[in-house]
Amino acid sequence: MVFVLLLLTLTPFSADRVEIFKENGERIVHLIGNVVIEGEETTITCAEAKISEVHGWMKLIHDVELLGRNGLVSADAAIYYFNEDRGYLSDNVTITTSDEKISADSLYYDGTKDSVEMYGNVLIEDEENNLLVSGARGWYNLSSDEGLLLGDPKLQIIRQDKEPITVYANMFKLRTNENQFYGFDSVQAIIDSIVVYCDTFSYNLKTEAGEMTNPVIHENKNELKGSHGQFRLKNKEIEAVSVTNGRSVYYTEEGSKNIVEGKSISILFQEGAATTIKVEGQPRGLLLLKRSEESAGD
């Protein structure tokens, strides 16, 4: 009874039933039914909890929820160190904040650093920007809204009545508070009629502008590449792409093949299709006219 009173003083709790017993040589407080455990900044609710007197851990079972200053964390099970404000959550783990929803098979939560490490089927949903990011593992800071996604991650920008903009990379860095994301290493981006391959890829979800390093851009049979690239969208539809130290191979409607090079090459789009190409800075090129059927037979 003394321990229960001490626990109640340091960590207020309520439950339908309380049992105290020894397990593996240590005393355990067993809370059963409608469990509520309250701290200075975190409130825990669950169906059942076992609390270690010696080691200070809590084993939380069924309908686990941790409500703190950064949002709500829910799971089917957890091991939580209340005094240290950290824990391990597993099975149907979800974090809901004012800006996004994060889900994973399991995660490590550190309330002192406002950070989580996520493992297995990680999904970050940013409803304000219609953004979905998935991967095998990741890290996220809940106070600064910054994170990393690894393990064959994929990023999608959802568009109404259109296919989403889809980006693949070896790693994504998210800065949700700045509406910015970055893709690193072996990046592939699919935007309307173009497919981009590059080393790095950055994009601002509000200004709809982005940058690329060493881009190779395909639009149907046409190709554009350079040492650095920029692009912009309008209403989530590609509007313009430009590269520096560029080279472009493109085909006319008549079937002629053109090769142009220059310090700057820009392509303008309408309704997702390329319409105009501009070459500046020592432009040079080669025009390969399509031969007529009569000429081809001579």
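FYI, the numbering just counts along the sequence from 1. Just so you know, these numbers use all the heavy atoms, side chains as well, and skip hydrogens, waters and symmetry mates.
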Same apolar cluster: Leu142 and Leu72, side chain cutoff 4.5 Å
no
For residues Tyr140 and Met118, determine if any side-chain heavy atom of one lies less than 4.5 Å from a side-chain heavy atom of the other.
yes
Give a yes or no on whether the backbone of Leu131 and the side-chain of Asn129 come within a donor-acceptor separation of less than 3.5 Å.
no
Chi angles and distances behind the side-chain contact (heavy atoms from CB on, under 4.5 Å) call for Val116, Asp110
CA-CA 6 Å; Val116 293; Asp110 188 337; over 6 Å; no
Interatomic spacing from CZ in Phe172 to CZ in Phe181 - rounded to 0.5 Å:
6.5 Å
I need the single residue from Val73, Thr43, Ile37 that forms a side chain to side chain contact (heavy atoms under 4.5 Å, CB included) with Leu66. Which is it?
Val73
Note, Val64 side chain near Asp76 side chain (heavy atom, < 4.5 Å)
no
Answer yes if Val243 and Val279 sit in the same cluster of Ile, Leu, Val, Met, Phe, Trp and Tyr residues linked by side chain heavy atoms under 4.5 Å apart, and no otherwise.
yes
Kindly say whether the aromatic ring centers of Phe231 and Tyr203 come within a distance under 6.0 Å.
yes
Classify the side-chain pair Glu48/His62 by whether it contains a donor and acceptor separated by less than 3.5 Å.
no
Using a strict cut-off of less than 4.0 Å between a Lys/Arg side-chain nitrogen and an Asp/Glu carboxylate oxygen, indicate whether Lys225 and Glu261 qualify as a salt bridge.
no
Can you confirm whether the side chains of Thr200 and Thr213 place a donor and an acceptor under 3.5 Å from each other?
yes
Considering only heavy atoms from C-beta outward, does the side chain of Ile194 approach that of Phe269 to under 4.5 Å?
yes
Straight-line distance of Ser98 OG to Glu128 CD, nearest 0.5 Å:
9.5 Å
Got a salt bridge between Asp192 and Lys236, using NZ or NE/NH1/NH2 to carboxylate O under 4.0 Å?
no
Please report the shortest heavy-atom distance between Lys50 and Trp57, naming the atom on each side.
O-CZ3, 3.5 Å
Determine the minimum heavy-atom distance between Ala169 and Pro153, stating which atoms define it.
O-CD, 3.1 Å
Is Ile191 reachable from Ile277 through a run of I, L, V, M, F, W or Y residues, each pair having side-chain heavy atoms under 4.5 Å apart?
yes
Would you say Val249 and Asn258 make side-chain contact, with heavy atoms under 4.5 Å?
no
Go through Ser115 and Tyr109 one step at a time and tell me if the side-chain contact (heavy atoms from CB on, under 4.5 Å) criterion holds.
CA-CA 6 Å; Ser115 67; Tyr109 172 81; over 6 Å; no
Applying side-chain contact (heavy atoms from CB on, under 4.5 Å), run through Ile267 and Leu224 and close with a yes or a no.
CA-CA 9 Å; Ile267 298 179; Leu224 173 66; 3.7 Å; yes
Kindly check if the number of other-residue, nucleotide or ligand heavy atoms within 6.0 Å of NZ (Lys206) is above 12?
yes
Near Glu223 CD, under 6.0 Å, is it more than 12 heavy atoms from other residues, nucleotides or ligands?
yes
Decide whether Glu26 and Ser52 meet the rule of one side-chain donor and one side-chain acceptor closer than 3.5 Å.
yes
Indicate the atoms forming the closest heavy-atom contact of Ala75 with Ser90, along with that distance.
CB-O, 3.6 Å
If we only count heavy atoms from C-beta on, is the Arg159 to Ile165 side-chain gap below 4.5 Å?
yes
Is it true that Glu237 and Lys162 make a salt bridge, defined as a side-chain N closer than 4.0 Å to a carboxylate O?
yes
Gap separating the OG atom of Ser264 from the NE2 atom of His228, nearest 0.5 angstrom
12.0 Å
Using a 6.0 Å distance limit plus a 45 degree cone around the ring axis, check whether Arg137 lies over the aromatic ring of Tyr119.
no
In terms of side-chain heavy atoms, does Asn141 have a donor or acceptor partner in Asp114 at a distance below 3.5 Å?
no
Minimum heavy-atom separation for Ser227 to Asn245, with atom names?
OG-ND2, 3.0 Å
Is the side chain of Arg69 donor-acceptor paired with the backbone N or O of Thr42 at a distance under 3.5 Å, no angle test?
no
When you compare the side chain of Asn70 with that of Ser143, does any pair of heavy atoms fall below 4.5 Å?
yes
Under 3.5 Å donor-acceptor, Asp105 side chain and Asp91 backbone:
no
Under a 4.5 Å cut-off applied to non-hydrogen side-chain atoms, are Val216 and His218 in contact?
yes
For a quick test of reading the model, state the closest non-hydrogen atom pair linking Asp199 to Val187 and the distance between them.
O-CG2, 3.6 Å
Between the side chain of Thr176 and the main-chain N/O of Asn179, is any donor-acceptor distance below 3.5 Å?
no
Taking NZ, NE, NH1 and NH2 as the nitrogens, is one of them in Glu19 or Arg17 under 4.0 Å from a carboxylate oxygen of the other?
yes
Going from OH on Tyr80 to CG on Leu60, what distance comes out if it is rounded to the nearest 0.5 angstrom?
9.0 Å
Between Asp152 and Tyr168, do the side chains contain a donor N or O and an acceptor N or O under 3.5 Å apart?
no
Transitively linked via ILVMFWY side-chain contacts under 4.5 Å: Leu148 with Val93?
no
Candidate pair Phe13 and Val36, rule side-chain contact (heavy atoms from CB on, under 4.5 Å), full reasoning
CA-CA 5 Å; Phe13 71 89; Val36 179; over 6 Å; no
Please determine, by modelled atom types, if Asn204 and Gln180 share a side-chain donor-acceptor pair under 3.5 angstrom.
yes
Heavy-atom pair of closest approach, residues Ala189 and Val167
CB-CG2, 4.1 Å
Could you list the residues that satisfy ring pair (Phe, Tyr, Trp, His ring centres under 6.0 Å) with Tyr108, not counting sequence neighbours?
Tyr88
Residues Arg232 and Glu208 bridged, charged N to O under 4.0 Å:
no
CD on Glu100 to CG on Leu123, rounded to 0.5 Å
11.5 Å
First locate atom OG1 of Thr166, then atom CG of Leu155, and finally report the distance between them rounded to the nearest 0.5 Å.
8.5 Å
Check: Lys278 and Ile265 side chains under 4.5 Å, non-hydrogen atoms
no
